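Report on one structure; see the data block that follows.
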Amino acid sequence: MNITFDTASAEKVKAHMDDNKQLLLTFEDGVGKYSQHAMIHMQVQFTINIVDKDAPVEGYNAVVHSNIGDLLIKDYSAEDLEENMSIKFNAHQGTLQLSGDGGLIDDNVGFIDFTDKNGIKNNPAK
């Protein structure tokens, strides 16, 4: 599995990264430390999370490769992902959009830097 970040989305994420951090692509199902909610709805929702390299990541047992580094995922969330995906920044709405070869997967991907004390508060995909 592979995700290509466009220039704007890559810059947004990389501005928060360093060698002591790692990326997660969290399926928002309410399972695990980094999942924010498990709303009952028909929409698939993902969040890009930045956590410390030594942070506990139980349940994140699969890898998605990207042009800005690997992202850990919960293996069962792969059912809602595709082999080839892209994340693009929608400047009009200020959101990240996750798409695959089959079309749009999530038009409002969250972004939470758990290494920043205001990271959750600043999540644009509330």
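Please read these numbers as outputs of a predicted model, since none were measured by experiment. All residue numbers refer to positions in the sequence shown, counting from 1.
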Where is the tightest heavy-atom contact between F89 and S9, given as atom of each residue plus distance? CB-N, 3.9 Å
Reference residue Q45; test side chain to side chain contact (heavy atoms under 4.5 Å, CB included); the match among D106, D107, D80: D106
CE of M1 to OG of S66: how many Å apart, nearest 0.5 Å? 13.5 Å
So among H16, K21, Q22, which one has a side chain to side chain donor-acceptor pair (under 3.5 Å) with T115? K21
What is the distance from atom CD1 of I87 to atom CG of L96, rounded to the nearest 0.5 Å? 6.5 Å
Flag side-chain contact, heavy atom, 4.5 Å: S99 against L104: yes
Should L23 and M17 count as side-chain neighbours, where that means a heavy-atom distance under 4.5 Å? yes
Here the gap from N67 atom CG to D6 atom CG, rounded to the nearest 0.5 Å, amounts to 9.0 Å
Residues at least two apart in sequence or cross-chain that pass ring-ring contact (aromatic ring centres under 6.0 Å, His included) with H65, listed by chain then number, are none
Counting heavy atoms not belonging to K88, are there more than 12 under 6.0 Å from its NZ? no
Would you name the heavy atoms of I105 and G100 that are closest together and state the gap between them? CD1-N, 3.8 Å
L25 CG to F46 CZ distance, which is reported to the nearest 0.5 Å: 5.5 Å
Using the ring of each side chain (for Trp, its six-membered ring), is Y76 parallel, tilted or perpendicular to F27, with breaks at 30° and 60°? perpendicular
Counting only pairs under 3.5 Å, give me each side-chain donor-acceptor contact of residues 53-64, with atom names and distances, residues two or more places apart or in other chains.
| from | atom 1 | to | atom 2 | distance (Å) |
| --- | --- | --- | --- | --- |
| Y60 | OH | T26 | OG1 | 2.8 |
| N61 | OD1 | D75 | N | 2.9 |
| N61 | ND2 | D75 | OD2 | 3.4 |

To the nearest 0.5 Å, what is the distance between CG on L24 and CG on D70? 11.5 Å
Please report the C-alpha distance between L81 and L98 in whole Å, then the side-chain angles of each, then the deciding distance to 0.1 Å, and finally whether the side chain to side chain contact (heavy atoms under 4.5 Å, CB included) criterion is met. CA-CA 9 Å; L81 298 172; L98 174 64; 3.9 Å; yes
Pairwise distance CG(L71) to CE(M85) - rounded to 0.5 angstrom: 8.5 Å
